[in-house]
Amino acid sequence: MITTTYSLALSIVCIVLGALTGWVLYRKDSNLQGTSAGLKWALSCVRAIIVSILCFLLLEPVFETIQNHIEKPIVVVLQDGSQSIYAGRDSSQVAHRIDSSLSLIESKLGNAFSVYNYHFSSLGDSGDSTNKHGTVDGRSVRAGLENKALLCEGLSENLNGKETDIASPLEEIRTRYYNKNLAAVILASDGLYNSGTTPDVVAAKFEETKIYCVGLGDTVTKKDLAIGKVGHNRIAYKGNKFPVEITIRGDMADSSSSSLKLRHNGKVLFEKKVAFSGAKDIQKIEVQLEAEFVGLQRYEVALDPIMGEITNVNNTKQFYVEILESQQKILLIAEAPHPDVKAVRNALITNKNYQVESTIIPNIPESLSSYSLAIVFQLPTTSNNGTKFLQQLEKAGLPCLYILGSQVDATRFNQFSLGLKIEGSAGSQDVTSTLNKNFSLFQITPTLSNRIAGYPPLTCPFGVDYKLSASSTPLLFQRIGMTPTEFPLVYFGKKQESKFGVILGEGIWRWRLLDYLKFDDHAGVDELIKKSAQYLVAVDDKSRFKVYNETEFWENEQIPFEAEVYNKSFELVNTNDVEITIRNEQDDQYLYVFNHVGSAYKLNIPNLTVGRYSYEAKTILDDSVLTKQGSFTIKPLQKELSNVVANHRLLYSMASKNGGELFYLNEMNELIGAINGREDITSTTHTSRAFKDLIEWKFLCFILVILLAIEWFLRKRNGAY
């Protein structure tokens with residue numbers, strides 16, 4: 001079909017112009033005198049056709065084609081590649097049987113259907129990390145930033161996934177094949193998942209697509225001992241004892257006994273004989289351990305295997321506890337008991353790094369050297385009480401958080417040069433707060449920023465004017481009635497080398513009550529108190545080379561690092577490379593190079609094995625070598641083998657939600673027959689239109705050349721040239 005940009009009626013004009021050109025050219029051509037009239041008529045027609053075509057091309061004709069594309073119904077095969085499927089059996093034999101059975105689907109449905117195979121699991125095909133991301137011979141490698149995809153193309157015989165999320169691959173398939181002729185999804189799994197959302201909820205979203213499940217694994221409970229959850233403190237302090245609660249399970253272990261051992265650095269710290277009874281016996285054992293060594297400590301809990309166990313892998317579990325030298329001591333001091341003191345104390349004790357002591361003026365400690373922070377409530381008072389203690393604080397150079405209120409003598413407060421002058425002070429007033437959006441000393445979460453404006457008023461010293469020094473940084477401003485002001489309500493500063501903070505009002509206890517009343521927690525006000533304390537006790541890092549990293553990871557996680565390099569003006573620069581050498585417990589070395597990202601550096605390291613690692617990062621700045629050291633730990637994932645009894649009930653529930661069925665590996669022909677026998681599965685036809693300019697049609701150009709050649713040849717033959 002041909003359409004034109006201009007009116008198609010103009011094609012008549014093109015024909016007329018062509019005929020007129022041929023008639024005028026050959027009516028009285030003196031070069032063709034003596035030739036037959038038939039030849040002249042033929043040459044006239046050829047020229048008319050050529051001119052008509054050229055004129056028609058000026059109308060910008062477009063050639064439209066209609067194509068019909070037939071799309072076969074799509075069948076997606078999803079294979080679970082997790083460890084729990086072969087627990088206690090030969091993994092290679094199980095994997096080969098699964099692969100050969102599922103391969104029948106494509107071989108027998110491939111003519112009438114488009115079959116796509118996928119497998120999913122965490123760490124399913126990780127490979128050898130040293131070949132991809134590091135070396136042991138000093139060769140540097142730039143590590144990639146990509147995470148391994150959960151959903152991978154093709155079937156797999158590597159059943160070594162250590163974490164299973166069924167819902168996410170299903171959701172990904174639903175997204176990929178949205179608005180396509182997806183007839184069926186075949187999920188081959190044992191129904192066990194330990195990550196992600198409930199898979200049958202996602203299965204219900206496949207409205208027009210039936211889900212067929214192939215049951216893998218073993219639904220029969222076998223004899224097995226397992227270490228379940230190990231409850232422990234993440235942090236403990238040297239010299240203190242900390243509790244460990246160990247959950248152990250015995251399946252089909254009636255009348256069997258084992259020995260439970262807890263080890264640290266190869267030394268047995270605790271041992272107990274455990275007897276099991278019944279088909280399923282779950283026991284909890286509590287242990288008190290003493291924190292002897294500073295640093296990240298690895299402990300191992302193990303159950304001795306018994307005769308006939310299906311697997312011994314889940315008889316052992318490791319856990320890590322960070323042992324700190326000592327807690328940071330915080331002193332809370334006031335002239336008299338006040339609900340604000342308890343509110344602040346309750347906020348701080350949720351952080352296990354803090355040891356909080358409360359006292360009043362007569363009981364001031366003689367020495368403040370053991371404290372990391374002092375929090376002072378409503379001092380100095382109008383009776384001059386507390387002035388001597390404040391002078392002692394100033395002399396000790398201890399970071400301090402001042403909480404003022406109606407009892408504070410503003411004139412005496414001004415004398416301590418804490419970055420604020422309250423002028424014309426007389427009495428007190430109630431003010432609410434607004435957040436300083438430019439505050440940058442520490443990060444404010446949306447929880448606090450969204451709640452702060454709704455908190456009840458604080459009672460502050462009344463002042464005609466509040467003059468804040470340029471070196472002080474306000475966090476909250478006062479709002480008097482409905483009028484926002486530039487008067488500070490909470491601010492931070494530095495006096496000599498000591499940091500300080502000031503909260504100008506009392507009544508924080510009301511903020512905590514309102515948090516609990518409206519949100520059933522104390523997250524907003526606790527964040528304000530804890531982050532203020534954290535900022536004040538933190539020692540400023542003045543080094544020009546900084547490396548940031550977490551200390552604990554699971555074995556399927558990437559290890560992210562960030563680094564910053566500063567010039568002498570403390571401006572970020574990243575002109576030179578940053579290298580990092582990582583050592584494992586066997587002293588193998590892996591060398592990486594950071595990626596330059598913006599004005600800083602980033603690095604993601606995947607596929608490191610379980611264990612403790614130390615690192616040394618270095619770079620060159622101003623012809624000097626700068627270094628940073630640190631450590632981290634990769635913990636083993638043992639989710640897959642904590643429960644090895646297949647859950648085919650879940651598979652049946654998922655299939656029944658969409659009119660599908662549950663089959664087993666020896667029923668592949670029945671599954672294929674069920675899909676082939678469905679009358680609702682048909683191919684779909686998609687119609688598409690394509691447009692192409694006629695001037696680009698090479699065959700038309702060929703016709704014009706042939707016509708011009710014929711005209712030239714006939715004229716030449718008859719002496720017209």
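The first residue of the sequence shown is numbered 1, and numbering continues consecutively from there. Computation of the quantities below employed the complete heavy-atom set of this structure, encompassing side-chain atoms and omitting hydrogens, waters and symmetry-equivalent molecules.
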Less than 4.5 Å apart, side chain to side chain, heavy atoms only: is that true for [X] and [Y]?
X: Tyr177; Y: Val185; value: no
X: Ile50; Y: Leu708; value: yes
X: Lys657; Y: Asp200; value: yes
X: Asn117; Y: Val76; value: no
X: Ile675; Y: Ile681; value: yes
X: Asn574; Y: Val565; value: no

Grab the two heavy atoms, one from [X] and one from [Y], that are nearest each other, plus how far apart they are.
X: Ser82; Y: Thr164; value: CB-OG1, 3.0 Å
X: Ala617; Y: Val547; value: CB-CG2, 3.8 Å
X: Thr447; Y: Ala523; value: CG2-CB, 4.0 Å
X: Ser189; Y: Asp80; value: OG-OD2, 2.9 Å
X: Leu104; Y: Ile672; value: O-CD1, 3.8 Å
X: Glu667; Y: Leu662; value: OE1-O, 4.4 Å

Pair Lys635-Glu555, side chain to side chain contact (heavy atoms under 4.5 Å, CB included): steps then yes or no: CA-CA 6 Å; Lys635 301 182 293 183; Glu555 62 177 308; over 6 Å; no

So, [X] versus [Y]: side-chain donor-acceptor pair below 3.5 Å or not?
X: Ser84; Y: Asp190; result: yes
X: Gln558; Y: Asn604; result: yes
X: Asp577; Y: His596; result: yes
X: Thr609; Y: Tyr613; result: yes
X: Lys108; Y: Asn669; result: yes

Heavy-atom count around [X] [atom1] within 6.0 Å, excluding the residue itself: above 12?
X: Lys205; atom1: NZ; value: yes
X: Leu572; atom1: CG; value: yes
X: Lys72; atom1: NZ; value: yes
X: Arg678; atom1: CZ; value: yes
X: Ile706; atom1: CD1; value: yes
X: Glu552; atom1: CD; value: yes
X: Tyr652; atom1: OH; value: no

Here's a test for you: under side-chain contact (heavy atoms from CB on, under 4.5 Å), which of Glu171, Arg176, Glu172 qualifies with Arg174? Glu171

Would Phe561 and Tyr601 count as a ring pair (Phe, Tyr, Trp, His ring centres under 6.0 Å) if you check the C-alpha gap in whole Å, the side-chain angles of each, and the deciding distance to 0.1 Å? CA-CA 8 Å; Phe561 284 88; Tyr601 303 84; over 10 Å; no

Between Phe545 and Tyr566, is a ring pair (Phe, Tyr, Trp, His ring centres under 6.0 Å) present by the stated rule, with each step listed? CA-CA 7 Å; Phe545 180 37; Tyr566 296 85; 9.9 Å; no

Is any NZ, NE, NH1 or NH2 atom of the basic residue among Lys210 and Asp680 found under 4.0 Å from an Asp or Glu carboxylate oxygen of the other? no

State whether Lys546 and Glu562 are salt-bridged, where the test is any N-O pair (Lys NZ or Arg NE/NH1/NH2 against Asp/Glu carboxylate O) under 4.0 Å. no

Full working for side chain to side chain donor-acceptor pair (under 3.5 Å) between Tyr548 and Glu564: CA-CA 9 Å; Tyr548 306 99; Glu564 294 175 344; 3.2 Å; yes

Parallel, tilted or perpendicular: rings of Tyr664 and His648 (30°, 60°): tilted

